[in-house]
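Sequence lines set the chain letters: A, B, ... in the order given, protein chains first and strands last, and positions in each chain run from 1.
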Amino acid sequence: MLFKVLPKYRLQALFDALSSRRIIGPVEKARRPDGEVLYGFDAICRFEDLRLDYTTTTHSPKKFFLPHREVLATFSLSGTTWEKMVDDNAYLPVAFFGMHACDINALNKLDKVMIDSSYPNPYYAAKRRSTFIIGIDCVPQPQCFCRSMGADTVLHGFDMFLTDIGGDYFVEVQSAEAYELLKGAGTRDPSSHDHALFMKKGDMKKAGFSCQVDATDLTKILDMEFQAEVWLDWGKKCLSCGTCANVCPTCYCYGVQEYVDLDLRGALKEMHLYSCNLIDFAEVAGGHNFRPESHTRLKYRFYHKHRGFVEAFEASLCVGCGRCGTACLAGITVPEVIASVRREAQGDA
Amino acid sequence: MHRPFTPPLMHSGREQRPGEDPAGFEYSYMAEITNIYPLTATEKLYQIQLCDSSLRRSFTFRPGQFVMLELPGIGEAPFSISSSPLRHGDIELCIRAVGNLTGFLDRVKRGTQVGISGPFGTSFPVEEMEGGDMYFVAGGLGIVPLRSPLCSILESRSRYGEVNLIYGANTPRKLLFTYQYDAWRRFDIDLQITVDEPDAGWDGHVGFITAILEKKLAGGRSLAHNAYAVVCGPPVMFRYVCDILTEAGLPMQRMFVSLERRMHCGRGKCCRCNIGSTYTCLKGPVFDYWSVMNLKEAI
Amino acid sequence: MKISCDINLRHLTRVEGHGNIRIRIESGAVREASWEVVETPRFFEAMLVGKKWENAPWICARICGICSIGHTLASIRAVENGFGFEPDTQTNRLRLLLKHMETLQSHILHLYFLVAPDFFGTGSILPLVETHPEEVQRAARLKLLANDACDLIGGRRLHPTRTVVGGFTMLPARDELRHLHHRLRAAITDLHRAGELFAGFSIPDFRRETEFVSLHGEKEYPFIGGDLKSSDGVRRKEWEYKEMSNEYCTPQSTAKWARLSRASFAVGALARLNNNFSLLHERARKLAELLQLEPVCHNPFMNNAAQLVECMHVVEDALLLIDRLLAEKPGEPRRKVRPAAGRGVGAVEVPRGILYHMYEFDEDGRIVRADCVIPTAQNHANIQHDIEALAREAAAAGMGDRDIEHFASMLVRSYDPCISCSVH
Amino acid sequence: MPGERNYLGVPAPRPKAAFFELSSCEGCQLQLFNNEATLTEFLSLIEIVRFREVMTGGSDEYAIAFVEGSVTRPDEIERLRAIRGNAELLVALGSCACFGGVNQLKNRFSDPRFAARTVYGDFPVATMEARPLADFVAVDLWIYGCPVKKEEVERIVTDLVVGKKVVHPKYPVCMECKANENICLYDLGEPCLGPITRAGCDAWCPNNRFGCWGCRGPAEGANIAQLEEIMKTRGFSAEAILDRLECFGGFRDVADELRKKTDERGRSPGA
Ligand SMILES: Cc1cc2nc3c(=O)[nH]c(=O)nc-3n(C[C@H](O)[C@H](O)[C@H](O)COP(=O)(O)OP(=O)(O)OC[C@H]3O[C@@H](n4cnc5c(N)ncnc54)[C@H](O)[C@@H]3O)c2cc1C
Ligand code: SF4
Ligand code: SF4
Ligand code: SF4
């Protein structure tokens, strides 16, 4: 990897240099009554709106790659025959300005399912490939357990990554495009002092985590505790509202719905992201439901993330961003659920 | 903005990258319903042929695999191919009208164009089974996915040992493929049919398939060597059947079942078909019984 | 000369709600001429009893599907007045803008979808889609514009979601306001065309002198709050609405009736215009001229002309409002209110006339008593008297049953009655 | 529209439809005309033979009856039964028809004469408890919402014409709200019934930063007890929770329970 140092005051120049793309970045969305700022990712026209000091966004960057709703195909009909039209819906190249490590890791995980699999998803792939990503370092929040999930640092999946080292940004340069871009931005090569500052920043971050998840042997524990009582307790709380999956940067389940045009001469096929917590997630025609109780659905969500995905890709599908726990009105958080299942496994031994 | 679809999929003029499936994700073969045969009050057999003759030749599948069938604006759903794999681009689906797409299909006419994608999923290892004694056990609609390996075995009947087919339905009126029973028997198949509730004209077996199976296996017959079983039907049924077969010494990895779950893509993306955390569409629908034991939610 | 007729029209069509017209003439003498309201009451004033203040606007919107925005605004105003809360300028401007857009959409709906078929001699607008596509498209365009604007400002064109006591839950995006400005400017031409169309219709020549009640405008043509005024010279404050409406029950109607200086009075576009003509914007006054509408006009059929004039006025006013909104930095959308015991009245000019909501609160802001006086309820008695006069004239002129029925229906329709709302 | 219409060769004839209203604000009917852009296409799907609000005349030969409003007077029961007798398919249009709507708020008073006395004094008026259509006749299809959403009505009518199964989302509004990436009302300190209300409105109210009042009734398997708990811990009074649960009648049973538990706060005057 190549490293550069970018003086902070040159950041706007970098921003401007990306103007041929649609820039997406963190912005302030609203404030809670207690004054806490709620952030979100949105299109940014003015550099001033960019809030690189954001804590975490309520919603993940997922929708720019996997929209909550997306047209998969349109049809035009004539009599008993028809034609199908497909478009990957990736029009403008996008630049993501300021993505945290966890979210980039989340995209890397999605890549495994969406691109490096037997049936690559072209809708995702097209958007992923046309997006230029600038990462930014972050300060651990109380709900963050990315370190436990091995997602607090990121090695690939971005174009450049900025770390705030005081007056400058320490830049990890991943792609040739990023390298070219930085040429005109007034960077310099890092000195050993810069290296030291960068290392120190990493240590500070490491020390900043207050939330942890013990994932040792988790796949086995989940299997052992498949019938555990705790699931029932969590199930009782769960609203089956799908909020957790919606805010999650890696949840990708979906449903497909087809619509007939009002004039009956065309149709539209649309996917919408679903959530395994929703009541009819596993319901089939005729009414049989493979997971009718909410605890079975909630359990399945943990199963998929922390067992199934590990089995298939040697890593969990959870990056520990803590969004689902924060958003869940019922207060169901990953660290607590996992800890409760682990406790159950340990029993009174 | 939308372009008519032609394989391979080209996105917005960008070139194809390695790793991207050239057949395309949303690609479906244009096909035509060439014939429709009502089998019962709720099930019909659809003969479907790919429109493009060259694609027809290259379309191959293995017994047990399924396709996604699509009707624009109505829906898309998975169906097991129920015909012989030797007939490439000319497949038969037996479909029960239970929901939206299936209900609409019940009303379409011959000549209607449908979209077919696939074939998807795992299959019954009919080559591996060569030389063995076969136990096909089907309950209800389970005969549909089972018909394909059955056809395939009948086409090279001499390579297999005994072929048993035990098939049960609720009532005689719900029995599928009745017109073929005689033909099957001519191929030296021990075909045993049973119903739960007989009607006036019924003079065959009455009772669960498990009873027939048990009778067949009575006398301490061991299935430990070179027997294979293919079991399809509702979950309660196949559990009992598999237990009986295990009892008779059939190793779990020589017992195959086909599982069904809700599916929206068939391509390992939508997650709807997961059992435990296993994709039925990729790792299934055909599983050996050992794998099923390991799928926490299967039964 | 025809001397007898018997009309019993049940459930008059192309009006909101259920009303019946009964006219019986025997040997040239009017035996019976009545306007009956048979709508079922829903008892909104009772529903509100015991409810906290924040329920009022949300529930009261459901009094009427056509003027839900007007009800919401009157309700909000009554609550705010009750608590002694003054909304800020931004809120006032947005509320007025929203009100204007409702006026536009409701008037256009009435003029084109309900009234115009009478003049084209069709039963509904449906045949006009084929025969007069341009007119229908124009109507649809204007209505769409007004509806979109209501969505933009109020969150929803029907039963609005952004309008709350204290302000708005959220402000419209500024570029969308700019876009609305463009569309409104284009609407002026459409309204001129509409003016030409309606100027060509032959309005029945009918006149009956009556009293007109509306808000009194000081500097601007009035829509939200202020003093109350009648053309017979009565002036009242907003909180004295009861003395302006004097509602009473009558056996021929599930809606209450109202009176002031005479046996009946009228509210609505014509009343507003008669009382505040000089405050109309320039283009609106010009349009009035084209439609031969001059204050004080006592022909109830001219209410339709007045509505069209108001359409032009609200479009012009909306343009000014948007200019002002855009000229300033957006402020907080909403301020906190503190409930207090007391009584609050909100008077708002909704499309069909002046509307009052009154609530009495306990110290927690719970509603102890509620009263809603609906414009159409205030018009019922006037409609009754008009029908009587019309019947007399018809009897004298020896009109046929069908003609009488047609004119009587048109007469009621010209009031744009909102019957279910008047019963509520 | 020319001759026999079909969809993929399956006949899709244009059904005759009629619109009726019982006690209501007529807003749901109005909604159908409130989507100017698609109005003509919508009108070519069905043949409207009766719609008093916008057309004179009409016939009693119809296949589909859309009935808006709740039943609040004995004569409405008669009208409803007559409509049922004529129609092949009876559609309950909007919350009033589906659940009683805001009209049923008056049912909460223990004194049945309270409402009439409050509004009319001693003047006699006929009325009864406000009830949903299904309390009197068989309802074939429900279209939820106060008001109904035009896009949804269009979809449902298209599905009917084509012969597709009409399905409603089973999951709650929260799902749609999150898909729209709204800021949760609870984060803004406002109550919201989104987690338990049936989706389909595309989170109409939360999109506008206004908490849901449950106009579409409960989602399937809604965890109402848990939401009550959540609202309580977030400082919303039982009264505020009840206000929302009882507003449109969709949560009738839970609301009745809760009302019993909550203090009477002048709810049953005259009792
Ligand atoms: C591998 C496999 C093979 C199958 N083979 C056959 C067959 O040969 N014959 C047959 O009649 N049926 C078969 N089914 C079941 C068939 O897929 C469903 O009956 C069908 O999906 C119902 O669709 P619908 O639109 O009519 O129902 P709706 O209830 O309207 O369902 C809507 C959507 O939900 C999904 N869905 C609902 N039920 C099922 C289900 N049971 N399985 C998978 N997805 C479902 C589909 O995507 C469907 O389009 C098979 C299912 C699977 C998984
Ligand atoms: S875990 Fe929480 S957010 Fe997820 S579905 Fe359950 S209640 Fe909703
Ligand atoms: S605002 Fe309401 S609907 Fe939206 S997430 Fe929050 S609780 Fe759910
Ligand atoms: S958000 Fe709630 S109250 Fe609003 S329309 Fe949807 S269901 Fe009705």
- Roughly how far apart are Cys241(A) SG and Met175(D) CE, rounded to 0.5 Å? 9.5 Å
- Glu36(A) versus chain D, heavy atoms under 4.5 Å apart: side chain, backbone, both or neither? neither
- Message: If I take atom CG from residue Asn6(D) and atom OG1 from residue Thr80(A), how far apart are they, to the nearest 0.5 angstrom?
- Response: 8.5 Å
- Message: Given heavy-atom pairs under 4.5 angstrom as the criterion, report whether the side chain, backbone, both or neither of Leu77(A) touches chain D.
- Response: side chain
- Item | Neighbour count >12 (heavy atoms, 6.0 Å) for atom CZ, Arg51(A) | yes
- Query: To the nearest 0.5 Å, what is the distance between CD1 (Ile183(D)) and OH (Tyr39(A))?
  - Reply: 11.5 Å
- Spacing of CG belonging to Leu329(A) relative to SG belonging to Cys174(D), to within rounding of 0.5 Å: 6.0 Å
- Where does Leu262(A) contact chain D at under 4.5 Å (heavy atoms): side chain, backbone, both or neither? both
- Query: When you check the gap from the basic side-chain N to the acidic O, do Lys237(A) and Glu229(D) get nearer than 4.0 Å?
  - Reply: no
- Side chain, backbone, both or neither of Val247(A) within contact of chain D (heavy atoms, under 4.5 Å): side chain
- Over 12 foreign heavy atoms within 6.0 Å of NZ, Lys149(D): yes
- Aromatic ring centroids of Phe281(A) and Tyr171(D) under 6.0 Å? no
- Message: Please report the interatomic distance CD(Glu220(D)) to CD(Glu283(A)), rounded to the nearest 0.5 Å.
- Response: 7.5 Å
- Which atoms of Val157(D) approach chain A - backbone, side chain, both or neither, heavy atom under 4.5 Å: neither
- Message: Quick one, Arg69(A) and Asp202(D) - any side-chain contact, counting heavy atoms below 4.5 Å?
- Response: yes
- Message: Side chains of Leu188(D) and Arg32(A), heavy atoms from C-beta outward: is any pair under 4.5 Å?
- Response: no
- Item | Residue selection (most heavy-atom pairs with chain A, distance under 4.5 Å) from Thr158(D), Ile224(D), Asp187(D), Ile196(D) | Asp187(D)
- Between Asn223(D) (side chain) and Lys236(A) (backbone), is there a donor-acceptor pair under 3.5 Å? yes
- Item | Side chain, backbone, both or neither of Asp261(A) within contact of chain D (heavy atoms, under 4.5 Å) | backbone
- State, yes or no, whether a side-chain contact exists between Ser44(D) and Asp263(A) at a heavy-atom distance under 4.5 Å. no
- Go through Gln226(D), Arg209(D), Arg234(D) and name the one with the most non-hydrogen pairs under 4.5 angstrom from chain A. Gln226(D)
- Heavy-atom contact with chain A under 4.5 Å, split by part of Lys164(D): side chain
- Task: Indicate whether any N or O donor in one side chain lies under 3.5 Å from an N or O acceptor in the other, for His68(A) and Glu181(D).
- Result: yes
- Top contributor to chain D interface from Ala30(A), Pro33(A), Ala267(A) [non-hydrogen pairs under 4.5 Å]: Pro33(A)
- Task: Check each atom of Ile230(D) against the heavy atoms of chain A and say whether the ones under 4.5 Å are side chain, backbone, both or neither.
- Result: side chain
- Within a strict 4.5 Å, meaning less than it, do heavy atoms of the Lys170(D) and Leu278(A) side chains meet? no
- Message: If I measure from the heavy atoms of chain D, does Thr326(A) come under 4.5 Å with its side chain, its backbone, both, or neither?
- Response: neither
- In this structure, OG1 of Thr58(A) is separated from NZ of Lys178(D) (nearest 0.5 Å) by 9.0 Å
